[in-house]
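Some notes on the structure that comes next.
Here, residue 1 is the first one in the sequence, and each next residue gets the next number. These numbers were taken from a predicted model, which means no experiment stands behind them. The figures here come from the full heavy-atom set of this structure, side chains too, leaving out hydrogens, waters and symmetry mates.
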Amino acid sequence: MGDQQKRLQMALEAAHMAIWDSRIVAGQVIDGTVIWSARGAALLGLEERALTHSFPAFLDCVHADDRDKVIKVLQDGVRRRGGYALQYRVIWPDGSEHWLAAQAQVFMDGGGHPERTLGIIWDVTEHILLELMIAERKELAEVTLSSIGDGVITTDPHGKTRYLNRVAEQLTGWSNDMAQGLDIGLTLPLADERTGEAREHVAKRCLQQRQAIGISPRSQLITREGRRIAIEESAAPIWSRDGEILGAVVVFRDVSHERKLSQQLSWQATHDALTGLINRREFEHLVAGALHTAKESGHAHALLYLDLDQFKIINDTCGHGAGDVLLQLLAKMLQGQMRDSDILARLGGDELGVLLPHCPLEHARLIGEQLRQSVREFAFAWDEHSFELGVSIGIAEINQDSKSMSELLSAADQACYLAKEQGRNRIHVYQESDVMLAQRHGEMLWISRLNEAFTHDYFRLYAMPIVHLRDSPEQHDEVLIRIRNGKGDLILPSAFIPAAERYDMMRSIDRWVIRAVCQHIQSVRDSLPPLAALAESRRRAPALYSVNLSGMSLADPGLQDYITAQFVQYAIAPEQICFEITETAVIANLPKAQVFMRQLKAVGCRFSLDDFGSGFSSFGYLRALPVDYLKIDGIFVRGIATNAINRAMVKAINEVGHVMGLKTVAEYVENAETLAIIRELGVDYAQGYAVGGLRPLTAGVD
């Protein structure tokens with residue numbers, strides 16, 4: 001072997017290559033032979049020694065899917081009398097698959113006919129597998145980016161757009177092809193949601209600072225068509241292996257629904273849903289702010305507390321729907337009476353608050369008088385009824401000497417209370433002596449009024465039907481208490497229950513109601529002839545009466561014995577009595593409530609959990625209570641027709657109640673629209689003027 005041939009052989013071995021030498025017969029590759037060097041035989045997985053193959057024998061080593069390609073490429077090279085290059089797979093005797101690459105030149109005989117091909121061949125398996133892996137990863141990345149729910153845009157180091165996935169195309173309005181090479185500020189223009197002005201682009205910040213940029217709040221995407229979409233976006237740099245920035249990747253998503261819901265929740269957290277006025281919590285926050293400026297800068301402000309004088313009568317006469325409309329109309333009217341800087345709030349029920357910033361006390365009195373006169377002149381008509389209104393207003397000054405926000409609110413409340421006690425529809429300005437006066441006056445007044453009610457039997461019971469929404473024939477009423485005083489005035493529980501709780505008289509009132517309901521059941525039973533009573537009992541289940549129990553009664557160790565004694569004395573079936581307990585009362589007396597409820601449940605009484613959902617801790621302890629009914633808090637029911645969150649809350653409470661085997665009751669169902677939604681959600685019972693109004697329940701005491 002000559003030096004030149006040796007050098008060639010060494011070069012081929014160093015490059016892991018071998019000689020590829022084939023003979024051609026009559027211009028046909030298939031009829032020829034292949035001559036392999038020892039190195040070439042090893043590339044086929046054969047023993048490393050020189051050998052000669054017939055071309056068909058060589059094809060047996062080639063992957064079945066590549067054989068036609070090998071013949072075609074080689075034969076085409078021979079036909080052109082040039083050369084060829086190709087890659088193909090071979091199967092080794094052990095079954096493993098390998099990729100070979102070959103390049104060869106065609107040589108002619110003396111007559112100019114193709115005689116042989118001569119070239120080189122080498123193993124490219126590792127290279128091919130690497131390319132396949134890279135291609136697979138690229139395809140996987142593209143499929144992933146096109147299928148995820150977020151928009152993805154990549155840029156070059158200068159912020160020019162390189163790639164948009166499918167979601168990015170849909171959100172921005174730019175196609176991947178159209179956006180190529182355009183500045184990211186054009187394909188993904190960002191603006192501040194509050195001001196509408198352009199924002200520093202997250203991708204530009206990422207490239208400038210050479211670090212990831214987290215989610216930016218309050219961003220808007222301006223689409224190619226000019227629409228604005230609320231988004232959250234973040235960016236991260238794309239690094240090369242040697243630490244150079246190749247570009248940035250921006251990930252963003254449409255958060256229009258979430259942001260709208262967040263804004264709605266934020267608004268609801270600070271506003272009253274019925275009137276649109278700010279709520280008590282936000283009002284207290286603003287009063288605290290006014291107090292801070294008074295102490296820091298010596299400013300004087302005024303706080304007004306308003307209580308409508310005839311509101312409860314309107315509610316009782318015409319229902320809560322009328323009361324709601326009245327509050328809405330009054331809120332709009334009163335808002336128009338005040339300065340832009342003045343703040344009107346609904347503090348609860350028929351109570352309103354007004355904050356007058358930078359307003360001396362005398363000027364506040366004038367504004368209060370204007371408000372009082374406006375309410376007095378406000379005519380309200382509902383169906384065939386018309387009402388004249390009045391408002392009692394308490395005023396307290398906010399100055400450097402004011403002690404705390406809670407004391408300010410208490411002072412305005414006390415002043416309003418005294419305005420009512422002095423004859424209603426008037427204004428009273430708070431003075432330091434008012435606190436003790438009001439406390440002393442209120443204590444004497446309510447103790448005497450409640451004792452008078454017990455002495456002269458002024459308590460009256462009323463029934464509010466709880467109607468089954470699946471045409472059940474059962475009769476179910478909630479029993480409510482009122483006071484009819486010597487003047488014939490009907491006093492609602494909202495007026496005397498707080499005082500009864502404060503002066504520890506609730507246990508006596510609850511016992512009076514229990515005894516009176518048992519007497520009523522006995523009187524109804526005794527009023528029917530025996531045969532009629534028997535027929536009535538067979539026709540439908542006995543009437544069920546829901547009796548409210550206070551938290552104080554839950555803590556009364558003697559109440560169970562008292563209830564049992566009434567059942568025995570009046571021959572009452574415990575199955576006819578359902579005790580209603582508020583969620584907050586149960587939480588405050590949980591251990592005693594559990595024992596009390598289980599013992600009475602064992603004899604046949606039923607239990608209803610009132611105002612359920614208002615505490616937001618309800619589901620955690622519900623399993624521990626032997627409850628039969630859940631009364632969904634009316635705060636969720638009343639706005640259900642226009643408030644998606646209220647609807648979702650009612651739906652959730654109803655479904656959880658049903659999963660736990662409980663019946664559900666919706667309170668404050670005041671109109672047909674609310675009733676239809678409650679029925680659609682699958683609530684079992686409804687209570688409110690849409691299904692039945694308040695009626696007297698004939699009952700008395702011995």
Side-chain angles (χ1 to χ4, degrees), residues 267-291 301-312 314-315 320 323-338 341-357 359 364 367-368 371-372 374-375 378 389-398 402 404-421 424-430 434-435 438 442 492-495 497-499 501-502 584 611 614 633-635 638-639 668:
W267 188 90
Q268 288 190 339
T270 57
H271 288 75
D272 170 56
L274 176 66
T275 61
L277 302 175
I278 64 170
N279 60 21
R280 186 182 195 99
R281 180 180 176 184
E282 181 66 9
F283 186 71
E284 289 176 354
H285 176 72
L286 295 172
V287 171
L291 176 60
H301 318 288
L303 174 63
L304 277 63
Y305 202 101
L306 286 67
D307 192 315
L308 299 174
D309 294 333
Q310 306 298 320
F311 185 75
K312 293 179 176 63
I314 294 171
N315 262 350
H320 289 286
D324 288 351
V325 171
L326 171 59
L327 284 173
Q328 290 170 330
L329 294 173
L330 276 176
K332 188 174 181 180
M333 184 271 290
L334 292 173
Q335 196 81 67
Q337 300 286 316
M338 293 183 288
S341 59
D342 298 339
I343 297 160
L344 176 65
R346 185 185 181 195
L347 306 183
D350 60 342
E351 297 169 351
L352 303 174
V354 178
L355 176 61
L356 303 175
C359 183
I367 293 176
L371 297 178
R372 187 199 67 79
S374 296
V375 172
F378 186 84
L389 303 173
V391 61
S392 300
I393 302 176
I395 301 177
E397 186 179 31
I398 305 174
S402 300
S404 69
M405 179 271 296
S406 58
E407 288 196 12
L408 278 170
L409 289 171
S410 177
D413 187 14
Q414 293 287 355
C416 181
Y417 175 79
L418 290 173
K420 288 189 290 183
E421 290 300 311
R424 299 180 182 271
N425 190 38
R426 63 188 60 217
I427 292 172
H428 185 87
V429 177
Y430 172 79
D434 287 345
V435 177
L492 303 179
S494 57
I497 292 297
E501 290 176 338
R502 190 179 307 124
T584 49
D611 295 339
S614 60
D633 195 331
I635 194 173
R638 291 175 72 174
Y668 292 97

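- The structure places SG of C416 at 12.5 Å from CZ of R426, a figure rounded to the nearest 0.5 Å.
- Across all their heavy atoms, D342 and Q335 have their closest contact at O-NE2, 4.5 Å.
- Between L277 and L352, some side-chain heavy-atom pair lies under the 4.5 Å cut-off.
- The closest donor-acceptor contact from the side chain of D272 to the backbone of I278 lies at 3.5 Å or more, if one exists at all.
- Taking 4.5 Å as the limit, some side-chain heavy atom of I398 sits within range of a side-chain heavy atom of L355.
- Under the 4.5 Å side-chain criterion, counting only non-hydrogen atoms from C-beta, M338 is in contact with L371.
- Across all their heavy atoms, S392 and A419 have their closest contact at CB-CB, 4.1 Å.
- Once rounded to the nearest 0.5 Å, the distance linking CD1 of I393 with NE2 of H428 reads 13.0 Å.
- Counting only heavy atoms from C-beta outward, the side chains of V287 and E284 never approach each other to under 4.5 Å.
- A heavy-atom distance below 4.5 Å is found between the side chains of L330 and L389.
- Between A411 and A396, the closest heavy-atom pair is CB-CB, 4.1 Å.
- Taking CG of N425 as the reference point, atom CG of L308 lies at 10.5 Å (rounded to 0.5 Å).
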Apply the test side chain to side chain contact (heavy atoms under 4.5 Å, CB included) to residues K332 and L329: give CA-CA distance (whole Å), side-chain angles for both, the deciding distance (0.1 Å), then the verdict. CA-CA 5 Å; K332 188 174 181 180; L329 294 173; 6.0 Å; no

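- The two atoms that bring V429 and A415 nearest to each other are C-CB, 4.4 Å, heavy atoms only.
- Here the CG atom belonging to L274 is positioned 5.0 Å from the CZ atom belonging to R346, to the nearest 0.5 angstrom.
- Residues F283 and L409 share a closest heavy-atom pair of CE2-CD2, 4.1 Å.
- Heavy atoms only, all atoms of each residue included: S402 and E397 are closest at OG-O, 3.4 Å.
- For the atom pair CD1 (I343) and CG (L303), the distance works out to 10.5 Å, reported to the nearest 0.5 Å.
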